[in-house]
Amino acid sequence: MSGKGWQALTDSARHSGLDGGRHLPPVFSVAVFVYAALVAALHVVVNTVVMLPDLWVAAFHFAGFGTLALVLFPTAGAVRGRAGRLAWLDAVAGLVLVVSVIAVVWLETPLYERGLRFAWSHWLACLGVVVLAIELTRRTAGWLIPLLIVLLLSYAVWWGDLIGGVFAFPGLSLETMLFRAVYTSDGMFGSIARISWSYVFMFILLGAFLLRSGAGDFIIALSRAAAGRITGGPGLVAVASSGLMGSITGSAVANTASTGVITIPMMKRAGFSPRFAGGVEAAASTGGQLMPPVMGAGAFLMANFTGIPYLSIIAAALVPALLYFLSLGFFVRIRARRLDLAPQGDNDGVPIGQALRRGWPLLLPLAVLVGLLMAGFTPVYAAGIAIVAVIAASWLTPVRMGPLAVVEALAGGARTMAPTAMLLIAVGLIVNVLTTTGIGNTFSIMIGEWAGASLLIAIVLVALASLILGMGLPVTAAYIVLAAISAPTLYGLMLQADLVEALVRGEITTMAREAIVMARPGVEGLLGSPMPPEQARELVTAMTPELQRAVADDLLEPAILTGALLAAHMIVFWFSQDSNVTPPVALAAFTAAGIAGEKPMATGFTAWKLAKGLYIIPLLFAYTPLIHGDWLEVLTVAAFALAGLYALAGVFEGWLEGPLSLPSRGLLAVLSAVLLFPHAGWLLDIVALLALAGLVAWSRTAHPSHRQ
């Protein structure tokens, strides 16, 4: 390699952030940089070209990103003596990690030949990967998940037999628990690991290629150009750019850090307070995890849990995500009117036509991705082709991706993936205990008992649980745990109304009749003919949750079952995002506060207020056909909900196009409730919409302004 080429490679390695915050000598920096790119490239190969057993790939996934995580997240005082030398503990951990995963794969066949009885080598290999998964998760995600894993594993092996009540568990031997943790589909190398090394990795890598190609700069430039002539334009830039960036990165904190350094100062210069500017950026960046196609790995996990195709999930998620971002836009617009801020024009950016001419080719890879998904190709294949399309499209822009840029994108994707991979591998240990012991089902039953027959109370309980879990768990882990313990309850409660309607109409099948008679002997004569609603409701609530689901599976249409299942998981997924903006732990808001120069808690409470759509829109999943109806139903619900969200923003701000009196705010709150949950009939909905329009016109007349 020429001196110039070596220098370019050294510069890329130094700026890659792969040294774990240490100043490694050039040769070490380059070695880590190339290693990260190689790990990413090999993942692409096993996802698109070479077919290997899942255990082999999962083990390689853990070893490759685990050793990289040891470099990125070194032990305290890792640099001792000569600069750049890894701590001996990290070096030993890396060696143990590699040897353990090789042994796990190598010893699989002998284990089955021994009748699933461990030899000493199996003990060492399985203990090695479990202990290192816990340690690497501690380094990358904090203490809570490792403590939870240890607590659950010890419960399954030891102290579950020492407690009474519904949580009593007779216990498994350590040998059985280790086997289930390592070699089964519910363990650390099972289905969740497969999602990690396939779907999640490929889309994170696609995001890294898009960012390296200049797509991030293009998104911000386009947002600034489009919103420049609108009141509150800088705030709308933050909303739009964070939403589009979120479709690439799928990380709220990464969104905040990358777009916030541009949008927050821009909002402050326009006249917004630092607190509001930081709150807007944090709330918008949180919404990035709701925006298809990546959704912070949520879409892939949801597809795995529900069996619903990935394309169906992201199609259903699009309109709610747009509603969320529009609700933020309403807050920005109203606050700008309240402050009487002038449109900024495009002095701070480029005209929209020029922005499009510079970066339109970068839209082609996303078009390729969506086109391949709609054509029926798998998400992994579509992402792989889209990555190639990014490289090709970059040659139509000033930022052409050559070999070094490709290596930089591979290394960047590996750096982003390392902590995510460790998290998902470790969460497999949690899911393994939840399914093996039945404790997840126990929690689900308890939520159902506390809620009674009330879906609303169950949703509130899930929201509270998500807030508590979010204080210590990352968003992805919070969703997985919540989905295991609460989604079945929500699913069952949402099916109750449909079961009642079916019984009222007199619809019944042989299997459903037998199940109902088993729950309530003596009702045979009532089944098969129209039934009074009160009697049908009493009959349904008398069934156990398991019996309700069994009857629903036999009695209801598959579309109804799929819609309820998707709604239950989507509610859980949306609620699991709240830790980004809800104090006392609001990671995205605290990141934004640092950029804005504002107090973290104050920014957190502002972001929490602005992100009200995060709590309101999931209610629409439960009570309206927003995510499982036909397009006419979806658009109708969305149109009324949009008006309701605008009214809700006015209630919080005390302003629409002008100031609102206390009685008018009360009226606005009523109109918001009617529009958000349109169950009272078309006439009342139209009246509410007309009343809102009149209130907007009145507020504008009461506070005339020259601003547009």
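Computation of the quantities below employed the complete heavy-atom set of this structure, encompassing side-chain atoms and omitting hydrogens, waters and symmetry-equivalent molecules.
No donor-acceptor contact under 3.5 angstrom links the side chains of Thr562 and His628, judged on distance only. Neither side chain, Thr306 nor Tyr491, offers a donor N or O lying under 3.5 Å from an acceptor on the other. Between the side chains of Ser466 and Asp578, a donor-acceptor pair is found at a separation under 3.5 Å.
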- Message: For Met417 and Leu205: C-alpha separation, side-chain torsions, deciding distance, then whether side chain to side chain contact (heavy atoms under 4.5 Å, CB included) applies.
- Response: CA-CA 8 Å; Met417 186 65 205; Leu205 189 63; over 6 Å; no
Would Tyr381 and Thr378 count as a side chain to side chain contact (heavy atoms under 4.5 Å, CB included) here? Give the steps. CA-CA 5 Å; Tyr381 179 83; Thr378 66; 3.3 Å; yes
Next item on the list: Dump the intermediate steps for side chain to side chain contact (heavy atoms under 4.5 Å, CB included) on Glu557 and Leu561, then the final yes or no.
Entry: CA-CA 7 Å; Glu557 294 292 330; Leu561 299 174; over 6 Å; no
* Met188 vs Asn432, side chain to side chain contact (heavy atoms under 4.5 Å, CB included): CA-CA, chis, key distance, verdict -> CA-CA 8 Å; Met188 59 186 293; Asn432 178 50; over 6 Å; no
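Under the 4.5 Å side-chain criterion, counting only non-hydrogen atoms from C-beta, Phe201 is not in contact with Ser196. Using a 4.5 Å heavy-atom cutoff, the side chains of Phe169 and Tyr155 are in contact. Within the 4.5 Å cutoff, no side-chain heavy atoms of Trp450 are placed close to those of Ile457. Between Ile616 and Tyr324 the shortest side-chain heavy-atom distance does not fall below 4.5 Å. Between Phe203 and Val380, every side-chain heavy-atom pair lies at or beyond the 4.5 Å cut-off. Pro379 places a side-chain heavy atom less than 4.5 Å from the side chain of Leu373. Counting only heavy atoms from C-beta outward, the side chains of Thr476 and Leu424 approach each other to under 4.5 Å. Within the 4.5 Å cutoff, the side chain of Pro320 has no heavy atoms near those of the Leu620 side chain.
Under the 6.0 Å cut-off for aromatic ring centres, Tyr615 and Trp574 do not qualify, their centroids lying 6.0 Å or more apart.
One distance of note links CG of Leu301 with CD1 of Ile480; it measures 4.5 Å at 0.5 Å rounding. Note that the CE atom of Met570 and the CG atom of Leu565 stand 10.5 Å from one another [nearest 0.5 Å]. If you take CD1 on Ile447 and CG on Leu493, they are separated by 10.0 Å, rounding to the nearest 0.5 Å. Atoms CG and CG, from Leu555 and Asp498 in turn, are 10.0 Å apart once rounded to the nearest 0.5 Å. Separation of atoms CG (Leu290) and CG (Leu614) is listed at 6.0 Å; rounding is to 0.5 Å. We find the CZ-OG1 distance between Phe621 and Thr624 to be 8.5 Å, quoted to the nearest 0.5 Å.
Scanning both residues, Leu423 and Ala477, for their nearest heavy atoms gives CD1-CB, 3.9 Å. Nearest heavy-atom pair across Ala607 and Ala283 is O-CB, 4.1 Å. Minimum interatomic distance between Leu490 and Ala458 (heavy atoms only, all atoms of both residues): CD2-CB, 3.9 Å. In terms of heavy atoms, Leu455 sits closest to Ala622 at CD2-CB, 3.8 Å. When all heavy atoms of Ala193 and Ile425 are compared, the pair lying nearest together is CB-CD1, 3.7 Å. Nearest heavy-atom pair, Pro618 versus Gly613, reported as atom, atom and distance to 0.1 Å: CD-O, 3.6 Å.
Listed for the Ser672 side chain is a donor-acceptor partner under 3.5 Å among the backbone atoms of Gly644. The backbone N or O of Phe331 sits nowhere less than 3.5 Å from a side-chain atom of Tyr646 that would complete a donor-acceptor pair. With hydrogens and angles disregarded, a donor-acceptor distance shorter than 3.5 Å links the side chain of Gln577 to the backbone of Phe573.
Exactly one of Leu690, Leu683, Leu684 qualifies for a side chain to side chain contact (heavy atoms under 4.5 Å, CB included) with Ile686. That residue is Leu690. A side chain to side chain contact (heavy atoms under 4.5 Å, CB included) with Thr436 is found for one member of Leu172, Asp186, Val431 and no other, namely Leu172.
Taking the six-membered ring for Trp and thresholds of 30 and 60 degrees, Tyr479 and His569 have ring planes more than 60 degrees apart, a perpendicular arrangement. Ring-plane geometry between Trp608 and Phe605 is classed as perpendicular, the angle between the planes exceeding 60 degrees on a 0 to 90 degree scale with a lower cut at 30. The aromatic rings of Tyr199 and Phe300 lie parallel to each other, their planes meeting at an angle below 30°, with 60° marking the opposite boundary.
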